[in-house]
Amino acid sequence: MIDWDRLMEEAKTAREMTYTPYSHFPVGAALLGASGKIYRGINIENASYPLTICAERVALFSAYSMGERGFLALAIVTNAPTFSSPCGACRQVLVELAPGMPILLANLAGERMLTDSSSLLPFPFTPESLLGQPGSD
Ligand code: THU
């Protein structure tokens, strides 16, 4: 049973730590690992705009770098008028590292929507897509 309220609170706390001087669009994420640990993620922007990284990938990469290998749930919080959804790049990373993982999209007004990483990216390019190609092991 996922404690979504706890995960949302973590994402809200994370959202206060973003580096978003250009977009002024702070995003907070909180990822629940199979170990029970929660990993926060924030968007971090850069004066060289495309180098910006999203909150979702920061949470996933942080967890992965700490040795976490199973991912149970992700909460994403913004202050958008309606909850906002992960960008295409994050969906690609999410579906590979955490296929089928439930994702709660929420805003500060308390609106919420539950989805999952696989629904967000139909017909994905996956590790299996590479099998049988010249040069693949
Ligand atoms: N952003 C995220 O952190 N996650 C998303 O899924 C969508 C966009 C960030 C990137 C940038 O810092 C700001 O939101 C506006 O695009």
Side-chain angles (χ1 to χ4, degrees):
M1 195 60 194
I2 308 292
D3 185 349
W4 287 111
D5 289 333
R6 166 90 203 281
L7 218 50
M8 270 250 325
E9 283 313 307
E10 290 281 346
K12 268 193 204 169
T13 304
R15 194 184 154 277
E16 281 153 27
M17 297 169 196
T18 63
Y19 178 66
T20 47
Y22 308 107
S23 73
H24 305 286
F25 188 77
V27 182
L31 177 68
L32 176 64
S35 69
K37 285 188 193 151
I38 294 174
Y39 302 86
R40 293 179 189 167
I42 55 171
N43 50 336
I44 302 172
E45 301 183 343
N46 193 274
S48 175
Y49 299 164
L51 300 186
T52 293
I53 186 161
C54 298
E56 294 88 333
R57 272 174 291 157
V58 168
L60 266 171
F61 294 165
S62 165
Y64 210 85
S65 67
M66 294 298 283
E68 197 72 71
R69 288 299 179 267
F71 303 103
L72 302 180
L74 175 69
I76 302 164
V77 175
T78 68
N79 193 23
T82 58
F83 30 76
S84 71
S85 193
C87 78
C90 288
R91 291 176 196 212
Q92 178 66 28
V93 173
L94 281 162
V95 87
E96 178 155 341
L97 297 184
M101 176 180 66
I103 300 177
L104 186 71
L105 310 174
N107 66 8
L108 293 183
E111 291 171 84
R112 294 176 174 206
M113 180 188 156
L114 191 61
T115 182
D116 70 87
S117 58
S118 296
S119 303
L120 287 175
L121 191 65
F123 196 40
F125 187 82
T126 65
E128 291 70 41
S129 310
L130 296 170
L131 296 177
Q133 297 304 310
S136 67
D137 301 310

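As the structure lists them, so they are numbered: ligands from 1, and atoms in each ligand from 1. Count residues from 1 along the sequence.
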Cys90 heavy atom under 4.0 Å from ligand 1: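 Heavy atoms of Cys90 never come under 4.0 Å of ligand 1.
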
Under-4.0 Å salt bridge between Glu9 and Lys12: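 Counted as a salt bridge, because a side-chain N and a carboxylate O are separated by less than 4.0 Å.
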
Identity and distance of the protein heavy atom lying nearest atom 8 (C) of ligand 1: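 Protein heavy atom with the smallest distance to atom 8 (C) of ligand 1: Cys54 SG, 4.0 Å.
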
Stepwise side-chain hydrogen bond (donor to acceptor under 3.5 Å, both in side chains) check, Ser35 with Glu68: CA-CA 7 Å; Ser35 69; Glu68 197 72 71; 2.6 Å; yes

NZ or CZ of Arg69 within 45° of Tyr64 ring axis and under 6.0 Å: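 Yes, Arg69 lies over the aromatic ring of Tyr64.
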
Any donor-acceptor pair under 3.5 Å from Arg91 side chain to Leu120 backbone: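 Checked: pair present.
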
Heavy atoms from other residues, nucleotides or ligands near CZ of Arg112 exceed 12 (cutoff 6.0 Å):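 Above 12, so yes.
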
Over 12 foreign heavy atoms within 6.0 Å of CE, Met17: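 Above 12, so yes.
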
Option with minimal heavy-atom separation from atom 13 (C) of ligand 1, where the choices are Asn43, Thr52, Leu94, Thr18: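 The nearest heavy atom belongs to Asn43.
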
Flag [X] as yes when one of its N or O atoms lies below 3.5 Å from any N or O atom of ligand 1, and as no otherwise.
X	result
Ala55	yes
Cys87	yes
Glu45	yes

Heavy atom of protein inside 4.0 Å of atom 3 (O) of ligand 1, strictly below: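 Given the 4.0 Å limit, the answer for atom 3 (O) of ligand 1 is yes, a protein heavy atom qualifies.
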
Audit row: Ser118, Met101, side chain to side chain contact (heavy atoms under 4.5 Å, CB included) steps and yes/no: CA-CA 7 Å; Ser118 296; Met101 176 180 66; over 6 Å; no

Ligand 1 atoms in contact with Glu56 (distance to a heavy atom under 4.0 Å):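 Going through ligand 1 atom by atom, the ones under 4.0 Å from Glu56 are 2 (C), 3 (O), 4 (N), 5 (C), 6 (O).
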
Atom indices of ligand 1, in the order listed, that fall short of 4.0 Å to a heavy atom of Pro86: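 Here the atoms of ligand 1 in question are 6 (O).
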
